[in-house]
Visitor: 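Sending over a structure as structure tokens; questions will come in a sec.
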Amino acid sequence: MLLLIIGCKNETHPPKEWHQPKKLEKVIKDGDIIFQTSLSSQSEAIQRATHSKYSHCGLLFKRKYKNDEWCVLEAVQPVKWTPLSSWIKRGKGKHYVIKRLTTDPMIPDSMLAELREIAESYIGKDYDLYFDWSDKNVYCSELIWKSYYKLNRFEIGKLQRLGDFDLSDKVVKQKLMERYGTKIPANELVISPDAIFNSGLLKTVKTN
């Protein structure tokens, strides 16, 4: 669901598909959050349940190769680094929105480095198909929310219960049946990409 743009996996050489997004290089910063409409099998259900077109997100951080490069730390299967250019190409229409935490004063670089360490601790965890609030597995928006919360108790987006979403749509009902059968955990805490997207703690820094 949600993503953080962070430094890439410790690879000796950049991936062959690597292409530095020049237009973004002077705009984005470590810790920015990027959103897109995913083309995954569950994306439509997420969009309909949350009444939002954004169904995936991640964290942005810079990684040093021969030059500085950007990656997204995202909760897919498993949680991993993805080159920013590849991440953008994977979304519907290559559309994205990048947002940034706003504080007064702005959080220092030392805190952004700590944020990265926290987010990196989730690398390798399985994607959470059941949107459970424990740390055993993790989904995209959960990765972002918990990373910022553990950093300094930042609550980026309002936590909801699964039952708070619009579960009446037939596409949503079908996905719920696949995951839970008839025992839907309506009281499970959930953070959606939409809740993070609309957080008053964020400002938009780039969209296309």
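Quick note: residue numbers are just sequence positions, from 1. The basis for the numbers below is simple: all heavy atoms, side chains too, and nothing from hydrogens, waters or symmetry mates.
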Visitor: Under the side chain to side chain contact (heavy atoms under 4.5 Å, CB included) rule, what do W70 and D30 come out as? Steps first, then yes or no, please.
Guide: CA-CA 9 Å; W70 289 93; D30 285 348; 3.4 Å; yes

Visitor: Where is the tightest heavy-atom contact between C71 and P83, given as atom of each residue plus distance?
Guide: SG-CA, 4.0 Å

Visitor: Should W81 and I123 count as side-chain neighbours, where that means a heavy-atom distance under 4.5 Å?
Guide: yes

Visitor: Kindly compute the distance separating OG (S192) from CG (N198), expressed to the nearest 0.5 Å.
Guide: 8.5 Å

Visitor: Do V205 and M106 belong to the same hydrophobic cluster, where Ile, Leu, Val, Met, Phe, Trp and Tyr are linked whenever their side-chain heavy atoms lie under 4.5 Å apart, directly or via other members?
Guide: no

Visitor: With side chain to side chain contact (heavy atoms under 4.5 Å, CB included) as the criterion, how do K53 and H95 come out once you've worked through the C-alpha distance, each side chain's angles and the decisive distance to 0.1 Å?
Guide: CA-CA 11 Å; K53 70 178 182 179; H95 171 65; 3.9 Å; yes

Visitor: Do Y148 and I33 come close enough that some side-chain heavy atom pair is under 4.5 Å?
Guide: yes

Visitor: Quick one, N152 and I107 - any side-chain contact, counting heavy atoms below 4.5 Å?
Guide: no

Visitor: To check you understand the geometry: which heavy-atom pair defines the closest contact between K150 and Y122, and what is its length?
Guide: NZ-OH, 2.7 Å

Visitor: Is V27 close to I98 at the side-chain level, that is, under 4.5 Å between some pair of heavy atoms?
Guide: no

Visitor: Please confirm whether the backbone N or O of K94 pairs with a side-chain atom of N208, one donor and one acceptor, at under 3.5 Å?
Guide: yes

Visitor: Can you tell me if S52 and T50 form a side-chain donor-acceptor pair at under 3.5 Å?
Guide: no

Visitor: Given side chains that start at C-beta, do those of K173 and L167 come closer than 4.5 Å, heavy atoms only?
Guide: no

Visitor: When rounded to the nearest 0.5 angstrom, what distance separates CG in L151 from CD in E114?
Guide: 5.0 Å

Visitor: Is it the case that S55 and S43 place a side-chain donor and acceptor less than 3.5 Å from each other?
Guide: yes

Visitor: Please identify which of these residues, F154, W133, Y139, meets the ring pair (Phe, Tyr, Trp, His ring centres under 6.0 Å) condition with W145.
Guide: W133

Visitor: Give a yes-or-no answer on whether the side chains of D194 and H51 include a donor-acceptor pair shorter than 3.5 Å.
Guide: no

Visitor: Applying a strict under-4.5 Å side-chain criterion to I, L, V, M, F, W and Y, I'd like to know whether M177 and L162 cluster together.
Guide: no

Visitor: Calculate, to the nearest 0.5 Å, the distance between atoms OH and CD belonging to Y127 and E74 respectively.
Guide: 10.5 Å

Visitor: Rounded at 0.5 Å granularity, tell me how far CG in L202 sits from NZ in K99.
Guide: 6.5 Å

Visitor: May I ask whether I144 and L159 are part of the same hydrophobic cluster, defined by side-chain heavy atoms of I, L, V, M, F, W, Y residues being less than 4.5 angstrom apart, directly or through others?
Guide: yes

Visitor: For the residue pair R90 and L39, establish whether any side-chain heavy-atom pair is separated by less than 4.5 Å.
Guide: no

Visitor: Any side-chain heavy atom of S147 sitting closer than 4.5 Å to one from L115?
Guide: yes

Visitor: Quick check: closest heavy atoms across L73 and E120, and the distance to 0.1 Å?
Guide: CD2-N, 4.0 Å

Visitor: So, taking the atom named CG in D128 and the one named CD in Q77, what distance separates them when rounded to the nearest 0.5 Å?
Guide: 10.5 Å

Visitor: Under the side-chain contact (heavy atoms from CB on, under 4.5 Å) test against T37, which residue among H56, Q47, E44 passes?
Guide: Q47

Visitor: Where do P105 and T103 come nearest, in terms of heavy atoms and distance?
Guide: O-OG1, 2.7 Å

Visitor: So, is the end of the K206 side chain (NZ or CZ) under 6.0 Å from the ring centre of Y96 and within 45° of the ring's axis?
Guide: no

Visitor: Which heavy atom in I34 sits nearest to a heavy atom in L84, and how many Å separate them?
Guide: CD1-CD1, 3.8 Å

Visitor: About how many Å separate NZ of K29 and CG of L112, when rounded to the nearest 0.5 Å?
Guide: 6.5 Å

Visitor: Should R179 and F131 count as side-chain neighbours, where that means a heavy-atom distance under 4.5 Å?
Guide: yes

Visitor: With side chain to side chain contact (heavy atoms under 4.5 Å, CB included) as the criterion, how do F35 and I196 come out once you've worked through the C-alpha distance, each side chain's angles and the decisive distance to 0.1 Å?
Guide: CA-CA 10 Å; F35 301 82; I196 293 180; 3.7 Å; yes

Visitor: What residues form a side-chain hydrogen bond (donor to acceptor under 3.5 Å, both in side chains) with K146, not counting sequence neighbours?
Guide: D135, E142

Visitor: Are V171 and V190 connected in the hydrophobic side-chain network, where two residues link if heavy atoms are under 4.5 Å apart?
Guide: no

Visitor: Could you walk me through whether E155 and S199 pass the side chain to side chain contact (heavy atoms under 4.5 Å, CB included) test, one step at a time?
Guide: CA-CA 9 Å; E155 297 187 24; S199 171; over 6 Å; no

Visitor: Which heavy atom in I191 sits nearest to a heavy atom in K158, and how many Å separate them?
Guide: CD1-O, 3.6 Å

